[in-house]
Amino acid sequence: WQYNLSNYDYILSSCAGDVDKDLTDEIFLITGKRNENYGENFIILTLEDGIKLKLFEEIKVFNPWKVQIADVDADENLEISIGVYKKAELHPVMAKRPFIYGLNEGGLFPKWRGSRLSRPFDDYVFFDIDDDGKDELLSVETLKDGKKILSAYKWKGFGFELFSESRVYDKIDSIVKEEKRVLLSVKEGKASGWGIMEYEGGKLSIRITGKRYYFRLKLEGV
């Protein structure tokens, strides 16, 4: 199976999951021009009888850079999060923001397009850190002195509320979500390397392993 991306041959971000509950995963893409920091289009592809286009929306005005799916409110319906870089009505400066959408027959509809998190952030993922059925938003944020902190936000029906933070680190360069864990590239004094996010007693922490981490892409034919 093959799907051509026309003139937009670069994928900035992707994920897959069954958002419409048809027992078949959809593929979600942010695409744009090569060597650009932000994309131009949001694409949904279905995997029913081949790869087919389900939704195409031009969202260049939002400067999209990331797409994820998550269940933020434990209702067993997956939301779509698009990381954008734009101004907001209540915070009129250019900044990264994690918008949340639902999906129906008419396409995307906004569920939360909040102005900001507690601090400027570099990247974020969703992960259920306390096994309550809700995917918390984990963000790598920058303090005024340039150091980094990992923050966790929980959905409260009208938006996200900060409920836990890690201690301060010299650097947190990357955050990666796997199926059963979250990994971060951390530097603290002389210690550096990939660490594993841990949550215990209401407190976030990062256990630095010192190991290297490699992304692996496995392709399987049927």
Side-chain angles (χ1 to χ4, degrees), residues 1-73 76-86 88 94-114 117 121-128 135-140 160 174-179 182-183 213-222:
W1 295 348
Q2 178 176 302
Y3 179 81
N4 294 322
L5 291 175
S6 185
N7 295 328
Y8 299 95
D9 61 347
Y10 186 71
I11 299 173
L12 278 79
S13 181
S14 65
C15 64
D18 185 11
V19 172
D20 58 7
K21 293 186 174 181
D22 64 351
L23 304 181
T24 303
D25 281 355
E26 291 79 44
I27 298 174
F28 303 87
L29 304 174
I30 297 295
T31 66
K33 297 177 181 176
R34 191 176 296 276
N35 299 322
E36 295 289 337
N37 292 327
Y38 305 107
E40 299 185 6
N41 305 305
F42 173 70
I43 295 174
I44 301 178
L45 303 175
T46 66
L47 297 174
E48 297 180 14
D49 192 26
I51 299 179
K52 297 180 180 179
L53 179 66
K54 180 174 182 177
L55 179 70
F56 182 100
E57 290 194 13
E58 183 179 324
I59 56 172
K60 184 179 180 179
V61 66
F62 290 100
N63 292 315
W65 53 276
K66 188 165 191 173
V67 60
Q68 299 174 80
I69 56 175
D71 185 358
V72 301
D73 50 13
E76 299 184 355
N77 293 312
L78 294 174
E79 285 79 32
I80 300 168
S81 176
I82 298 179
V84 303
Y85 180 72
K86 69 182 299 293
M94 295 297 289
K96 287 185 174 180
R97 309 180 193 279
F99 284 3
I100 307 294
Y101 294 89
L103 181 67
N104 57 26
E105 294 181 356
L108 292 177
F109 63 89
K111 185 168 184 176
W112 186 77
R113 292 195 292 197
L117 299 178
F121 71 94
D122 299 325
D123 201 356
Y124 71 108
V125 298
F126 287 93
F127 192 81
D128 184 4
D135 288 320
E136 284 76 39
L137 190 160
L138 299 171
S139 64
V140 176
F160 289 98
S174 301
I175 182 168
V176 178
K177 174 187 174 181
E178 292 190 331
E179 183 178 357
V182 173
L183 303 176
Y213 179 79
Y214 297 93
F215 292 95
R216 269 185 198 173
L217 178 63
K218 185 178 182 181
L219 301 178
E220 294 182 351
V222 177

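For this chain, numbers begin at 1 and follow the sequence in order.
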Kindly give the heavy-atom pair with the smallest separation between Lys96 and Asp122, and that separation in Å.
NZ-O, 2.8 Å

Give the C-alpha distance, both sets of side-chain angles, the deciding distance and a yes or no for side chain to side chain contact (heavy atoms under 4.5 Å, CB included) between Ile82 and Arg113.
CA-CA 10 Å; Ile82 298 179; Arg113 292 195 292 197; over 6 Å; no

Closest heavy-atom pair and its distance - Ser14, Leu29
CB-CD2, 3.5 Å

Are side-chain heavy atoms of Ile80 and Phe42 found at a separation under 4.5 Å?
yes

The criterion is side chain to side chain contact (heavy atoms under 4.5 Å, CB included); which residues satisfy it with Phe127, sequence neighbours excluded?
Ile129, Leu138, Lys177, Val182, Met197

Heavy-atom closest contact (Trp65 atom, Asp123 atom, distance):
CZ3-OD1, 3.5 Å

Rounded distance [0.5 Å steps], CZ in Phe62 versus CZ in Phe99:
6.0 Å

Residues at least two apart in sequence or cross-chain that pass side chain to side chain donor-acceptor pair (under 3.5 Å) with Tyr101, listed by chain then number, are none

Set of residues satisfying ring-ring contact (aromatic ring centres under 6.0 Å, His included) with respect to Tyr3, sequence neighbours excluded:
none

By ring-ring contact (aromatic ring centres under 6.0 Å, His included), Phe160 pairs with (sequence neighbours left out) Trp112, Trp155

Would you find a donor on one side and an acceptor on the other, under 3.5 Å apart, between the side chain of Glu48 and the backbone of Thr24?
no

With rounding to the nearest 0.5 Å, note down the distance linking NZ in Lys52 to OG1 in Thr46.
6.5 Å

Residues forming a ring-ring contact (aromatic ring centres under 6.0 Å, His included) with Phe28, sequence neighbours excluded
none

So which heavy atom on Cys15 is nearest to which on Val67, and how close?
SG-O, 3.9 Å

Any chance you could lay out the side chain to side chain contact (heavy atoms under 4.5 Å, CB included) test for Val19 and Ile44, step after step, and finish with the verdict?
CA-CA 11 Å; Val19 172; Ile44 301 178; over 6 Å; no

Here the pair of heavy atoms bringing Asn41 nearest to Ile59 is C-CG1, 4.2 Å

Apply side chain to side chain donor-acceptor pair (under 3.5 Å) to Glu136 and list each qualifying residue two or more places apart in sequence or on a separate chain.
Lys154

Output all residues satisfying side chain to side chain contact (heavy atoms under 4.5 Å, CB included) with Leu12, sequence neighbours left out; order by chain, then residue number.
Tyr10, Ile30

With side chain to side chain contact (heavy atoms under 4.5 Å, CB included) as the test, would you mind laying out the steps for Leu108 and Leu55 before giving the verdict?
CA-CA 9 Å; Leu108 292 177; Leu55 179 70; 4.3 Å; yes

Between the CD atom in Glu36 and the CG atom in Asn63, the distance rounded to the nearest 0.5 Å is 10.0 Å

Considering non-hydrogen atoms only, spot the tightest contact between Asp135 and Asp128 and give its length.
OD1-N, 3.4 Å

Roughly how far, to the nearest 0.5 Å, is CD1 of Ile43 from CD of Glu58?
11.0 Å

Residues in side chain to side chain donor-acceptor pair (under 3.5 Å) contact with Asp71, at least two apart in sequence or another chain
none

Output the distance between atom CD (Gln68) and atom CG (Leu78), rounded to the nearest 0.5 Å.
12.5 Å

Could you go step by step and tell me if Leu47 and Ile27 meet the side chain to side chain contact (heavy atoms under 4.5 Å, CB included) rule?
CA-CA 8 Å; Leu47 297 174; Ile27 298 174; 3.8 Å; yes

Do you see a donor-acceptor pair shorter than 3.5 Å between the side chains of Asn4 and Gln2?
yes

Residues two or more places apart in sequence or in another chain: which of them pass salt bridge (Lys or Arg N to Asp or Glu O under 4.0 Å) with Asp73?
Lys111

Do other residues, nucleotides or ligands put more than 12 heavy atoms under 6.0 Å from the CG atom of Asn104?
yes

What residues form a ring-ring contact (aromatic ring centres under 6.0 Å, His included) with Phe126, not counting sequence neighbours?
Tyr124

What pairs with Asp25 under side chain to side chain donor-acceptor pair (under 3.5 Å), at least two apart in sequence or on another chain?
none

Side chain to side chain contact (heavy atoms under 4.5 Å, CB included) partners of Asp20, counting only residues at least two apart
Asp18, Asp22, Glu26, Lys54

